[in-house]
Every structure is written in structure tokens, then in C-alpha cells.
Amino acid sequence: MEMIRVNLSSNSYNIYIDTGLLERIGDTLVKEKAPCKTLLITDTNIEKVYGSIVTESLKRNKFDVRLVSLQPGEEQKTLGTACILYDACFDHKLDRNALIVALGGGVVGDISGFVASTFMRGIPFIQIPTSLLAQVDSSIGGKVAVNHPKGKNMIGSFYQPKAVFIDTDTLSTLPAVEFVVGLVEVIKYGVIRNAELFEYIEKHLYDILQLDHTALLKIIADSCQIKTSVVEEDEKEVYLRAILNYGHTIGHAIETLTNYNKYRHGEAIAIGMLYATKIAIEIGLTNNKVYERQLSLIKRLGLPLTIDLKPGDIVKTLYTDKKVISGKLRFILPKKIGEVIISDEVTEEILYKILNAPL
Ligand code: GLY
């Protein structure tokens with residue numbers, strides 16, 4: 001088992017990574033927290049495969065657990081669904097000593113964390129992420145939110161879980177395409193902070209895609225470690241945490257313009273990473289090799305490389321992102337594999353130039 005400590009003074013917690021964690025979740029949790037009223041939040045897909053394993057493990061360890069299952073999908077991440085979950089909290093008589101357990105992908109994690117952060121002004125919650133994306137990104141670092149018609153994740157807060165339990169076995173039931181798009185975030189970590197991780201993915205992509213345990217443990221632990229070190233330095237995204245958004249500036253614009261239903265998050269981010277690198281080349285920050293290495297990996301993953309969108313629409317949409325600071329666009333640009341800079345100086349002229357050329 002790998003264990004990574006997230007040091008955030010009184011909000012510190014551990015991330016555990018191993019196989020077979022779900023069956024042992026109750027036993028492991030009693031070491032962290034005394035048995036108590038517990039609301040287990042999941043979705044109907046995850047419930048079918050893992051609902052009873054987790055429920056039974058908690059019950060065996062005397063947790064008084066009730067399971068609530070949401071319909072799967074991003075459309076569920078609303079204040080309306082949060083209200084249904086608050087009702088469940090009242091029905092099951094949760095108090096400030098109770099526990100919310102989020103079992104699922106990013107949607108379940110984000111909304112469960114949001115409910116935990118607001119019910120009675122905040123009750124403890126833990127994350128059991130079951131998708132690669134949630135394991136390496138959304139379950140760690142305390143960003144919790146619901147969507148608003150005006151934008152994704154617009155209503156939320158920073159609220160850290162008490163622990164994160166990553167069971168790599170859950171990746172065997174994740175659709176292959178979801179695994180691949182999660183891998184884009186792992187590649188992102190390599191580009192922003194760890195050239196050795198990037199090289200490892202280049203060399204071991206086959207093992208990773210075959211879900212080889214050693215390879216999975218390595219890429220997940222490295223990703224969690226990078227995210228942890230960034231969050232420890234800048235929990236509330238005053239500055240440095242923005243580097244985690246490499247590829248997300250143009251990526252989010254692509255998702256917004258296609259109503260979140262043409263490209264999966266990782267697909268849009270992969271395209272965004274390539275455009276960000278093109279910007280970096282254009283301003284003389286990096287070289288073509290940095291672009292070619294990312295392009296090669298993204299091609300090997302079979303991800304789309306074309307967008308049928310007008311550059312003008314993309315540029316306009318960039319300004320609606322919540323990461324726009326005082327009307328200035330913020331880009332994360334690679335200097336080399338393993339190092340990025342934060343730039344507020346990318347001009348519209350450069351944007352039009354790179355968006356008008358194919359990847
Ligand atoms: N996914 C970016 C962050 O957690 O800051």
C-alpha cells in the first residue's frame with residue numbers, strides 16, 4: 001500500500017492507494033474515525049458493482065450506513081440534487097460527528113463534498129474515487145462544487161476530505177475510454193512537474209493500458225504526490241495551483257462551446273495542452289520536441305486532434321472562464337517536459353495564429 005500525506009495544518013489527511021481497499025474500507029476507517037452515522041453517496045452504475053461491498057464492510061465495523069444512489073452523469077451535479085442529498089442527511093439523522101462517503105467518479109465526489117461542506121456548516125467526508133480521473137485529480141485537494149446554468153463548478157468551496165482511499169481494482173470495471181481520458185491528467189502532471197513520470201508513460205504505456213498493478217501504482221502515486229505538493233503550497237489557488245490547469249484554458253472553452261457533449265474532459269484537455277505548447281513555441285519559451293512528445297503520446301492513446309470550432313468563438317469563450325483574472329487570460333505554458341510557467345501575457349494575435357493552424 002502507498003500512503004501519501006497531504007499536509008494542510010488542521011485539514012491534513014492521508015491518501016491510501018492499494019488493491020482490495022474497498023473490501024477493507026470499514027476496517028481501515030475505524031482507525032481514522034469511530035463508527036458513526038454514515039451516508040454513502042454513489043451513482044447507480046457504481047452501486048451495482050461496488051455498493052454492497054462497501055456497505056457490508058462499513059456495517060461489519062458498526063457504521064450505521066445508508067446508501068443513496070444518484071443517476072450517473074454531469075447533469076446531476078446541481079443544487080437540486082444537493083437538496084435531495086440534504087434530505088437524506090436529515091432522514092438518516094446525520095449530526096456533526098457523522099460521515100459522508102463519496103464512492104464514484106468526479107461527479108459523485110464533487111457533489112458529496114459540496115453537501116458535506118455545507119450541511120450543518122460542514123461535516124466530515126471521505127473520498128473513494130473509482131475513475132482514474134477522480135483518483136489522480138478531483139478527489140484530492142478539496143475543490144467541491146455543483147454546476148450552475150451559467151457555468152460548471154461555479155457554486156462551490158474548498159473543503160478537504162478526511163481521507164482518500166484509492167482502490168486500483170476499480171479501474172478494471174472502468175470503460176477503457178474513461179481510463180484513457182483519465183490518463184491525460186497523468187500526462188499533464190508529467191509535463192508540469194515530473195519529466196521522469198512523462199518518460200515512464202512513454203516507455204510503459206502498454207503496461208499501463210493493460211492495468212499492470214505496478215504501473216498503475218506508480219502513475220497514480222506520482223500524480224497524487226504532485227497534486228499534493230502543489231495543493232500544500234497553494235490550497236486556495238491564489239497562484240501556483242493554477243499550474244494544475246495546464247491544457248484547461250483552451251480545453252474548457254472547447255467543452256463549453258460543444259455543450260460538454262462532444263468531447264470528454266480529457267479529450268478537450270489533451271487538445272488544450274497541445275495548443276498551449278504551440279503558444280509556448282510561438283513565444284520562444286519551448287521547442288518543437290516538447291510538442292512532438294506530447295503529440296505522440298496523445299496519438300498513441302487514439303484521442304481526437306481536430307476541433308470544428310471558429311477561433312473567434314474560442315477566444316470569446318476564453319474570457320468567460322472563472323480563471324480569467326481582471327479580464328486577463330491565464331495560460332500555463334511548458335518550458336520543458338517537467339516545468340511550466342504561468343503567463344497572463346498571451347495576446348489575442350498569438351491565439352488567432354495558433355488556433356488557425358491544425359495540430
Ligand atoms: N483540477 C485542478 C485543481 O484541483 O486545482
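When a ligand or atom number is given, it counts from 1 through the structure's own listing order.
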List ligand 1's nitrogen or oxygen atoms that come under 3.5 Å of a protein nitrogen or oxygen, with the partner atom and distance.
residue  : atom  : partner : partner atom : Å
ligand 1 : 1 (N) : D137    : OD1          : 3.0
ligand 1 : 1 (N) : D137    : OD2          : 3.3
ligand 1 : 4 (O) : K227    : NZ           : 2.5
ligand 1 : 4 (O) : R241    : NH2          : 2.8
ligand 1 : 5 (O) : K143    : NZ           : 2.9
ligand 1 : 5 (O) : R241    : NE           : 2.7
ligand 1 : 5 (O) : R241    : NH2          : 3.4

Could E32 and K162 be called an ion pair, given the rule that one side-chain N must be under 4.0 Å from one carboxylate O? no

Ion pair present between E199 and K203, side-chain N to carboxylate O less than 4.0 angstrom? yes

Given F119, which of F114, F90, F125 fulfils the ring-ring contact (aromatic ring centres under 6.0 Å, His included) condition? F90

Aromatic ring pairing H204/Y200, orientation class (parallel under 30°, perpendicular over 60°, tilted between): parallel

Return yes if a side-chain donor-acceptor contact under 3.5 Å exists between K37 and N97, otherwise no. no

When you compare the side chains of Y159 and T118, does any donor N or O come within less than 3.5 Å of an acceptor on the partner? no

